[in-house]
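Everything numeric in this text was worked out from a predicted model, so none of it was measured. Order of the sequence lines sets the chain letters (A, B, ...), proteins ahead of strands, with each chain counted from 1.
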Amino acid sequence: MVKVRFAPSPTGFLHIGGARTALFNYVFAKHNRGKFVLRIEDTDKERSTKESEEEILDSLRWLGLDWDEGPRKSADDSMYYQTNRLDVYKKHADRLLAEGKAYRCFCSKEELDLLRREAEAQKRAFKYDGRCAAIPENEAKKRLAENTPYTVRIKVPRDGDTVIEDLVRGRVKTANSVLDDMIIVRADGMPVYNFVVVVDDADMEITHVIRGEDHLSNTSKQVHIYNALGFTPPKFAHIPLILGPDRSKLSKRHGETAVVKYRESGFLPEALVNYMALLGWSPDDEETVFSMEEMTEKFSIERVHKAGAMFDNQKLLWMNGVYIREKKSVKELAALCMPFFEAAGLKNPRSAEYFEKVVALQQEKLKTLAEFPGLSAYFFNEDAPLSEDAKKTWEKNAENRKQVIEVFVNIMKTRGASSAAQIEADIKADMESAGIKPKVYMHVIRVAVSGSTIGPGLFELVETLGAEICVKRAEKLISNG
RNA sequence: GUCCCCAUGGUCAAGUGGUUAUGACAUCGCCCUUUCAAGGCGGUAUCGGGGGUUCAAUUCCCCCUGGGGACGCCA
């Protein structure tokens, strides 16, 4: 059975790159009726936090990337945290040591830094020379007895090539001569990523490792760990990176890349998922708007693109608008808008139905949920002060505005604002007899009742606001000159 | 610097040994229209360069160039 995993380290937020990797893993697993495992790689004690773990889990849930195995999925989920498996890693490390496939390295950080700087000065690639492998056994024992700190390094063959058959990239060959004996256990006894990832993937029987291309050069190193441990490597698929506007790997310096930030900015998870799907993958038809279920059906690694993809906010914005417009339930959309409405400090003095009516009126205009309060404030506030554009419109119609308002107010007072159709009929009739053109009165009324030049259809706008508030705003405006 | 990966419009992608090189976003124009959107129609715009292979290369091979990634007791 296909089994894949997403293995974030809880040292920060779930960012777009990680989310996209999780998405590809998820749909690959679902497509193959396999399992999607979540594993927390917390071997970096310094930077791992519980808060960031919670946030990662939240982000994944929000995106709809629920995991089959992992944290919160069973009574005992300790095996999905690497810090709970230290004894397992130690056992394997000791075994490698005993078998002579690894050795203790007594070089201090300082010494290594020095070597690294020397290499840099000579413009060569730093490569650990394996000097500690040559330490005689009794000498090593002596240092051990003296409690000299040491790391454990794995022996990597000096000759030959390491070949990876990558599902996305094909055959990737690396000369072993460029590899060095890497550290698998730190001086404090904590194993390092390259080691634990191999042990865990093997233990969990992961069949396919789908991860970012930034791991490609690590992979040949990991292959040697698999070999030393006697494990069969899984299949690898290195997916292209997501790039910032400068075409370098998307990171914090490109601005907000955390999934939660997109949520807070009013994006819908289905829009974000759909957009991310298109970054490095395409369906075999020309569809661009599709659900996760459709993606699951169609997904295959063969159709993963090789080149990195720049993250295009404009397209995401467009896609988000598509999903907002597709919402069939106004109630649902209203509930989604509400947090943004409240965050903007607005209050709804009327009924829930009124709120929903406004949402329905704005639905087609929204690119993000966060735009809702800005576009809709005049529906909820007592006053509707004129925007700059509205002032211009008001001034431009200085000649006719007084008359327009009189006619309009008269209609409101005598016949009310019961329905958009009725309002339209009344206004058209009366304005025509007053000899005022639609282009004139439409704009003047809109500005007077909403303070804005943009908004829903005028008659729906008036109907929704109601006669009372329209009259109040119009009279106040005209009395102010 | 060394190693690895990559290269189709501004962006994301499709594509084939012979095509008017396709779609989406963006952009421009027109239409619709009471505003803004949405929608409709149309336009501009792409195979990085050089060598091969071939009757024929955007497609296959090599080189160059360009971009990216990795070179941690981070993951």
Side-chain angles (χ1 to χ4, degrees), chain A residues 7-12 41-44 46-48 105 107-109 112-113 116 119-120 122-127 149-153 164 166 168-169 172-175 177-180 182-188 190-194 196-197 212-221 238 240-241 243 245-249 275 278-289 303 305-319 321-322 325 362-367 375 389-390 393 424 438-443 445-447 450 452-459 461:
Chain A
S9 66
T11 54
E41 309 223 322
D42 55 355
T43 54
D44 184 346
E46 315 257 305
R47 298 189 300 149
S48 295
C105 171
C107 297
S108 68
K109 247 182 199 165
L112 292 172
D113 281 348
R116 197 167 283 124
E120 211 170 300
Q122 292 170 38
K123 288 191 181 283
R124 338 183 240 105
F126 170 71
K127 196 184 135 187
Y150 66 89
T151 60
V152 177
R153 286 186 187 267
I164 303 153
D166 190 274
V168 174
R169 278 148 224 288
V172 178
K173 198 166 85 176
T174 307
S177 57
V178 303
L179 269 24
D180 65 0
M182 69 208 130
I183 292 175
I184 57 173
V185 181
R186 297 177 174 94
D188 67 358
M190 193 62 90
V192 304
Y193 166 76
N194 274 126
V196 293
V197 76
E213 200 202 331
D214 48 346
H215 287 278
L216 186 55
S217 38
N218 272 149
T219 307
S220 38
K221 298 180 185 178
H238 288 91
L241 297 179
L243 278 20
D246 62 353
R247 299 210 133 264
S248 68
K249 182 165 83 166
Y275 178 68
L278 262 8
L279 257 23
W281 178 79
S282 62
D284 55 12
D285 49 38
E286 282 184 334
E287 292 303 316
T288 48
V289 178
R303 292 195 65 83
H305 200 72
K306 287 181 184 168
M310 209 185 272
F311 193 87
D312 180 7
N313 260 304
Q314 253 177 334
K315 190 162 180 178
L316 204 215
L317 221 40
W318 163 80
M319 178 109 25
V322 169
R325 270 175 260 131
Q362 306 284 215
Q363 182 168 13
E364 60 180 13
K365 289 186 183 44
L366 298 178
K367 289 264 190 298
L375 287 171
D389 282 348
T393 302
E424 180 169 4
K439 284 269 189 212
V440 174
Y441 65 76
M442 294 272 192
H443 292 120
I445 298 173
R446 171 182 298 282
V447 163
S450 74
S452 176
T453 55
I454 62 176
L458 181 64
F459 309 112
L461 171 64

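- Side-chain nitrogen and oxygen atoms of A:Lys315 include none within less than 4.0 Å of the OP1 or OP2 phosphate oxygen of B:A24.
- Comparing the P positions of B:U58 and B:U46 gives a spacing of 15 Å, expressed to the nearest Å.
- Among the atoms of the strands shown, none is found under 4.0 Å from any heavy atom of A:Ser220.
- Considering only side-chain atoms of A:Asp44, the nucleotide from B:A14, B:C73, B:A75 that sits closest is B:A75.
- Remark: B:G17 base-pairs with no nucleotide in the shown strands. Criterion, Watson-Crick or G-U wobble with two distances under 3.5 Å.
- The base of B:A75 is paired with the side chain of A:Asn218 by a donor and an acceptor separated by under 3.5 Å.
- Separating the P atom of B:A57 from that of B:G17 is a span of 14 Å, rounded to the nearest Å.
- Distances were taken from every side-chain heavy atom of A:Glu41 (C-beta onward) to each of B:G15, B:C73, B:A75; the shortest belongs to B:A75.
- Summarising the base pairing, B:C60 is matched to B:G52 through a Watson-Crick or G-U wobble pair whose two defining distances lie under 3.5 Å.
- A sub-4.0 Å separation between OP1 or OP2 of B:G68 and a side-chain N or O of A:Arg169 is absent.
- Searching all strands for a Watson-Crick or G-U wobble partner of B:C41 with both distances below 3.5 Å returns B:G29.
- Heavy-atom minimum distance, A:Arg153 versus A:Leu112: NH2-CD1, 3.6 Å.
- Taking atom C1' in both B:G10 and B:U19, the straight-line distance is 25 Å, to the nearest Å.
- Here the shortest heavy-atom pairing between A:Ile183 and A:Val185 reads CG2-O, 3.3 Å.
- Rounded to an integer number of Å, the gap from NE2 of A:His238 to C1' of B:C4 is 11 Å.
- A donor-acceptor contact shorter than 3.5 Å links the side chain of A:Arg169 to the backbone of A:His238.
- For A:Met182 and B:A70, the CE to C1' distance is 13 Å, given to the nearest whole Å.
- Nucleotides B:G69 and B:G51 have their C1' atoms positioned 29 Å apart, rounded to a whole Å.
- Among the heavy atoms of the strands lying under 4.0 Å from A:Lys249 are primed sugar atoms or P, OP1, OP2 only; no base atom is included.
- Heavy atoms of A:Ser48 sit nowhere under 4.0 angstrom from any nucleic acid atom.
- Between the C1' atoms of B:A14 and B:U54, the separation comes to 26 Å (whole Å).
- As a whole-Å value, the separation of A:Leu317 CG from B:A24 P is 19 Å.
- Annotation: of the two residues near RNA chain B, A:Gly280 and A:Asp180, the 5′-most nearest-nucleotide partner is A:Gly280.
- Checked against B:C12, B:C3, B:G69, the side chain of A:Thr174 finds its nearest nucleotide in B:C3.
- Using N1 to N3 plus N6-O4 or O6-N4 for Watson-Crick, or N1-O2 and O6-N3 for G-U wobble, each under 3.5 Å, B:A70 pairs with B:U2.
- Ring-to-base geometry does not place A:His215 in a stacked arrangement with B:A70 (centre distance under 5.5 Å, plane angle under 30° required).
- Using a 4.0 Å heavy-atom distance criterion, A:Arg303 is classed as a sugar-phosphate-only contact.
- Using a 4.0 Å heavy-atom distance criterion, A:Ala307 is classed as a sugar-phosphate-only contact.
- When all heavy atoms are compared, the tightest approach of A:Ala309 to A:Gly280 is CB-N, 4.5 Å.
- Within 4.0 Å of A:Thr151, counting heavy atoms only, lies at least one base atom of the nucleic acid.
- Each of A:Val178 and A:Asp188 was matched to the nucleotide of RNA chain B holding its nearest heavy atom; the match closer to the 5' end belongs to A:Val178.
- Here the side chain of A:Phe126 is nearest to one of B:G72, B:G68, B:C4, namely B:G72.
- The separation between A:Lys306 atom NZ and B:C4 atom P is 16 Å, rounded to whole Å.
- Atom OH of A:Tyr193 and atom P of B:G72 are 15 Å apart (whole Å).
- Using a distance-only test at 3.5 Å, with no hydrogens or angles considered, no donor-acceptor pair links the side chain of A:Arg303 to the main chain of A:Trp281.
- Rounded to a whole angstrom, the distance from the P atom of B:A38 to that of B:U20 is 35 Å.
- Of all heavy-atom pairs spanning A:Ala307 and A:Pro240, the tightest one is O-CB, 3.2 Å.
- Side-chain N/O atoms of A:Ser282 include one lying less than 4.0 angstrom from OP1 or OP2 on B:A14.
- Distance alone, capped at 3.5 Å, is enough to place a donor-acceptor pair between the A:Arg446 side chain and the A:Pro456 backbone.
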Check against side-chain contact (heavy atoms from CB on, under 4.5 Å), A:His443 and A:Thr453
CA-CA 7 Å; A:His443 292 120; A:Thr453 55; over 6 Å; no
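- Across B:U11 and B:U44, the matching C1' atoms stand 16 Å from one another, rounded to whole Å.
- Between A:Glu213 atom CD and B:A70 atom P the separation is 10 Å, expressed in whole Å.
- Taking only side-chain nitrogens and oxygens, A:Arg247 never comes nearer than 4.0 Å to OP1 or OP2 of B:G10.
- Relative ring orientation between A:His215 and A:Tyr193 is described as tilted, the plane-to-plane angle lying within the 30° to 60° band.
- Separation of the C1' atoms belonging to B:G23 and B:C60 is 27 Å when rounded to the nearest angstrom.
- The nearest whole Å value for the distance from the CG atom in A:Leu243 to the P atom in B:A7 is 13 Å.
- For A:Lys173 and B:C3, the shortest distance from a side-chain N or O to OP1 or OP2 is not below 4.0 Å.
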Nucleotide N/O to protein N/O under 3.5 Å, stretch nucleotides 33-37 of chain B:
{"residue": "B:U34", "atom": "O2'", "partner": "A:His443", "partner atom": "NE2", "Å": "3.3"}
{"residue": "B:U34", "atom": "O2", "partner": "A:Arg446", "partner atom": "NH2", "Å": "3.1"}
{"residue": "B:U34", "atom": "N3", "partner": "A:Leu458", "partner atom": "N", "Å": "3.2"}
{"residue": "B:U35", "atom": "O2'", "partner": "A:Thr453", "partner atom": "O", "Å": "2.7"}
{"residue": "B:U35", "atom": "O2", "partner": "A:Thr453", "partner atom": "O", "Å": "3.3"}
{"residue": "B:U35", "atom": "O2", "partner": "A:Gly455", "partner atom": "N", "Å": "2.8"}
{"residue": "B:U35", "atom": "O2", "partner": "A:Gly455", "partner atom": "O", "Å": "3.2"}
{"residue": "B:U35", "atom": "N3", "partner": "A:Arg446", "partner atom": "NH2", "Å": "3.4"}
{"residue": "B:U35", "atom": "N3", "partner": "A:Gly455", "partner atom": "O", "Å": "2.5"}
{"residue": "B:U35", "atom": "O4", "partner": "A:Gly457", "partner atom": "N", "Å": "3.3"}
{"residue": "B:C36", "atom": "O2", "partner": "A:Lys365", "partner atom": "NZ", "Å": "2.7"}
{"residue": "B:A37", "atom": "O2'", "partner": "A:Glu364", "partner atom": "O", "Å": "2.9"}
{"residue": "B:A37", "atom": "N3", "partner": "A:Glu364", "partner atom": "OE2", "Å": "3.3"}

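- As a whole-Å value, the separation of A:Arg47 CZ from B:C73 P is 14 Å.
- Checked against B:C73, B:G15, B:A75, the side chain of A:Ile183 finds its nearest nucleotide in B:C73.
- Listed candidates were B:C12, B:G69, B:C25. Nearest to the side chain of A:Met310 is B:C12.
- For the pair A:Tyr275 (side chain) and A:Trp318 (backbone), a donor-acceptor distance under 3.5 Å is absent.
- Taking all atoms of both residues into account, the shortest heavy-atom contact from A:Ile164 to A:Ser220 is CD1-N, 3.7 Å.
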